[in-house]
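A short worksheet on the structure shown next.
Just so you know, ligand 1 is whichever comes first in the structure, and atom 1 is the first atom listed for that ligand.
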Amino acid sequence: MTARLEQLVAGRWSPGRADALRSLNPARPASVVAEGGGAAPADVDAAVEAAAAAARGWARTPMHQRGAVLLAAADLVDRNAEAWGLELAAEEGKTRAEGVGEVRRAAQILRYYGNEGDRQAGEIFASPRAGEQILVTRKPIGVIAVITPFNFPIAIPAWKIAPALVYGNTVVWKPASTVPLLAMRLAQALTAAGLPPGVLNLVIGDAECGTAIVGHDGIGAVTFTGSTGVGRRIGAGAAARGVPVQAEMGGKNAALVLDDADLDLALEQVMLGAFRSTGQKCTATSRLIVTDGIAERFLSALADRVHTLAVGDPTDDATEMGPVISGTARQAISAGIAAAVAQGATVLAGGRPYAEGPLAEGYFVAPTVVELASTAADIWRYELFGPVLAVTRAADAEQAFGLANDSEFGLSAAVFTQDLTRALEAVEHLDVGVLHVNSESAGADPHVPFGGAKKSGLGPKEQGAAAREFFTHTTTVYLRGGRPGA
Ligand code: UN1
């Protein structure tokens, strides 16, 4: 059954005034998941106006009360986890188990920020002057533009919208147009939880609609997760207008399997890092560096495991990996694999398109492992955002660290070793925003900073206390009593 795609502006749900948008099931593209009018420029204007009109009242609402709305929404999201997780699998293509897990994760994020009122709200410093204290208080920015990607259709929106709201901002949110149903689910939960009209506005539209939002005069800050190209364009445009930006962009994340690793553990974790969510995570493992002592053994076990990975309809419980998001994505990833082979890579597993049957009809890409002839290959540098792992060998740990750092990106990495000294060297040498020791390169908890080093991101990090940096500004108050000498 096709869901009705609607916009939420000023507390009212209605179809947008632009051409119809539809989201498809990437495993069976003939089946339409949601359909309805996309957002037109007039819808964007109305959404920004509504958010601006709601800003003052929401900013004055006590933080505990704002948090209570998030906590109530978290309960609703949790209660619907099974149903919405299944919808997520059908609309985005990750497996049902991952879909349900993601919906629960969204609830966990809402809960974390829902409790923000119980935490420290600012700081007090001593003053060099008698009778004075210096307070640093936090205030909301105003209207935040939230632009979210397809790959975590409910968790990433939650981790941007929840802090934006709890710190007193209002929001105009544009999700990826491939996943409108899950966006509507989150907005429905927040509305049903008691969010006042206009505090959250959902506009679902094309890239032009996104450009209209981030370039709108009424926007006070932009938070974005998505491709490097789009993130940099948003950053440049916003900087020219003096608008702060938080952009979470590319990764080319390495897993390093060193000679002393527990190979069974490393194999299981590399599989998860590379192929969960069909490799469509900015934190996915897309490069694998193995040291010579274990290279043969590890790569042959990896190829065997990849060959048996169950690829299919993500709503089927036996499936371990679903499709990629679209035909365009399938084509770009397949072209990336072909280019790697043309540049001398050896295919250890996968590598070929599905020629017939349901896997050829859906947007499926075979889980693929290629061993590179040289790290000059494009696949070593450019993110494919799909189930493709590029492998190279290193003589020792030191060379492995150097190879891992050989990237303009520095989002996450995973290192597998049982040697504490090596693990500490990895912490020191690897230039990344998130480092996993003996676990896969993806995964992030809501109470700690998330974001990349080098060119993976712009602006303050996300999550935990880091989110407060972005979603508030400070007022430094030199506070003295009114009576002279007192
Ligand atoms: C995770 O590693 O679980 O777009 C989260 C992404 C990241 C989130 C990754 N911003 O994939």
Protein N/O near ligand 1 N/O, under 3.5 Å, which pairs?
residue	atom	partner	partner atom	Å
ligand 1	2 (O)	Thr283	OG1	2.6
ligand 1	2 (O)	Gly443	N	2.7
ligand 1	3 (O)	Arg105	NH1	2.9
ligand 1	3 (O)	Arg105	NH2	3.0
ligand 1	3 (O)	Gly443	N	3.3
ligand 1	4 (O)	Asn151	ND2	3.2
ligand 1	11 (O)	Asn151	ND2	3.0
ligand 1	11 (O)	Cys282	N	2.6

Using the ring of each side chain (for Trp, its six-membered ring), is Phe150 parallel, tilted or perpendicular to Phe385, with breaks at 30° and 60°?
perpendicular
Donor-acceptor contact below 3.5 Å, side chain Thr472 vs main chain Arg138
no
If you look only at pairs with a residue in residues 179-190, which of them pass as a salt bridge (charged side-chain N to carboxylate O under 4.0 Å, His left out), with sequence neighbours excluded?
Glu87-Arg185
Under 3.5 Å, is there a donor-acceptor pair between the Thr223 and Gln246 side chains?
yes
Glu116 with Arg119: basic N within carboxylate O range, under 4.0 Å
yes
Carboxylate-amine/guanidinium contact Arg28 Glu361, below 4.0 Å
no
